[in-house]
Every structure is written in structure tokens, then in C-alpha cells.
Amino acid sequence: MANDFRSARFWAQEMISAALYDGAIAVDATMGNGHDTLWLCRQVGQNGHVYAFDVQKQAVDNTSFALAQAGMRQRADLFCIGHEHMAQHVPVAADVIMFNLGWLPGAEHQVTTLRETTLQAADAALTLLKKDGLLTICIYPGHEEGQRELEALLGWAAQLDPKKYDALLKTYLNQPNHPPRLLAVRRVK
């Protein structure tokens with residue numbers, strides 16, 4: 001449907017598509033089953049590179065398999081480590097950093113992103129962004145930790161220096177089922 005407002009994940013991909021090019025550097029801070037990592041590998045082209053992070057070995061294995069099946073395994077470095085450590089493993093400035101918070105789709109919901117490490121990861125992401133670089137965070141407030149992440153990230157984004165960053169929140173205002181929110185930050189200086 002042409003007038004469908006879509007989802008936070010769609011909005012993030014739409015913004016990221018406009019920011020990436022062949023040769024770009026991207027970070028998938030929450031690789032999950034590899035769908036976003038694979039999508040980013042396609043966006044950065046043959047000359048670009050993706051760095052992806054997840055704390056679950058299953059996520060890394062699933063992503064590695066998906067990339068290999070698509071012939072793009074060489075375009076990405078995969079790390080089985082928390083996203084709060086990304087700045088220690090990404091050796092270059094990034095054009096785009098993408099978060100899709102929550103839990104590994106299809107796995108148990110006991111392992112989820114956490115407010116404390118997500119805030120550390122958001123800070124790390126800012127240190128990696130190039131000028132005009134884009135950070136997107138899809139936040140899922142439909143569960144207790146997701147609500148805590150939302151509140152913390154909104155406070156974090158509101159405190160960003162407006163001379164250095166633009167921060168945008170995209171959300172539905174009238175949906176009762178706690179739909180995902182998109183927080184986007186652009187480095188302007």
C-alpha cells in the first residue's frame with residue numbers, strides 16, 4: 001500500500017540508503033540473524049565494509065552463514081562481543097551505524113539488549129561517526145527492558161550538543177501496542 005507508514009526498521013533503512021554508497025563503512029551494532037548485516041553489505045558495495053556485533057554465538061553463526069550464502073562474507077567482520085565495545089574493534093570512521101534493539105528473533109527472550117550497555121554503545125557510536133554520519137536506533141518499548149532503553153536513549157539524545165548533532169525521533173502517536181520507535185542522530189560537525 002502506497003500510504004502505509006511502515007515501521008521503524010523500514011524508516012531506518014530508508015535513511016541509511018540515502019547515506020551509503022559503494023565504498024562506505026557501516027556498523028551493525030546488533031547483528032541478530034544477519035538480515036541487517038547482509039542488507040548493509042549490499043549497500044556498501046564491493047569497496048565498502050561492514051562491522052557487526054552481537055553477544056550471542058548463534059547470531060554470529062547465523063549471520064556468517066547468510067553472508068556466505070549471498071557471496072558477501074568478505075565484506076564484513078563479525079564480532080561475538082557486546083556493542084558497547086565497538087570503538088575498540090572498528091578501525092575507521094563510519095558513515096552509518098545501525099542498532100535494532102531487543103532480542104535475537106527466534107531465540108529465547110531472556111537475552112536482550114540492556115539499557116546500560118546500549119547507552120555505552122550509543123556513546124561509542126558517536127566517537128566512530130564521520131561528519132554527516134548517521135546513527136539509527138530502532139527501539140522496542142513493548143517489554144520492560146525495551147521501555148527502560150527508550151527512556152534512557154531519549155534522555156541521552158536530548159542532551160546531545162545541537163552544534164555537533166541533530167537528533168530525531170520518529171514514532172506513531174496513536175498506536176496502543178507500543179510500536180517501535182526510530183531514533184536517528186546525524187553528526188553535523
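Along the sequence shown, residues are numbered consecutively beginning with 1.
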Point to revise | salt bridge (charged side-chain N to carboxylate O under 4.0 Å, His left out) against K170, all qualifying residues, sequence neighbours excluded | key: none
Practice item. Quick one: closest heavy-atom pair of C41 and R75, and the distance? Key: O-NH1, 2.9 Å
Check your understanding: Within the distance-only criterion (no hydrogens, no angle test), does the side chain of E145 pair as donor or acceptor with the backbone N or O of R115 below 3.5 angstrom?
Key -> yes
**Study point:** Pairwise side-chain contact, P141 with R181, heavy-atom cut-off 4.5 Å (strictly under)
**Key:** yes
Review point. Is V96 close to M15 at the side-chain level, that is, under 4.5 Å between some pair of heavy atoms?
Key: no
Exercise for review: Answer whether the closest heavy-atom distance between the side chains of T30 and D36 falls below 4.5 Å.
Suggested key: no
Review point. Looking at A29 and H83, what are the two nearest heavy atoms and their distance?
Key: O-CB, 3.1 Å
Exercise for review: Decide whether E116 and Q120 meet the rule of one side-chain donor and one side-chain acceptor closer than 3.5 Å.
Suggested key: no
Exercise for review: Please work out which of the three classes, parallel, tilted or perpendicular, describes the rings of F79 and F53, given edges at 30° and 60°.
Suggested key: parallel
Check your understanding: Any side-chain heavy atom of W39 sitting closer than 4.5 Å to one from S17?
Key -> yes
Review point. Is the shortest heavy-atom distance from the side chain of L183 to the side chain of F99 under 4.5 Å?
Key: no
Check your understanding: Is the shortest heavy-atom distance from the side chain of L160 to the side chain of L126 under 4.5 Å?
Key -> yes
Exercise for review: Over 60° means perpendicular and under 30° means parallel, so classify the ring planes of Y172 and W11, tilted if in between.
Suggested key: tilted
Practice item. Would you check, one step at a time, whether the test side chain to side chain donor-acceptor pair (under 3.5 Å) holds for W156 with D123? Key: CA-CA 9 Å; W156 171 85; D123 283 337; 2.7 Å; yes
Point to revise | Nearest heavy-atom neighbours spanning R42 and M72 | key: CG-CE, 3.3 Å
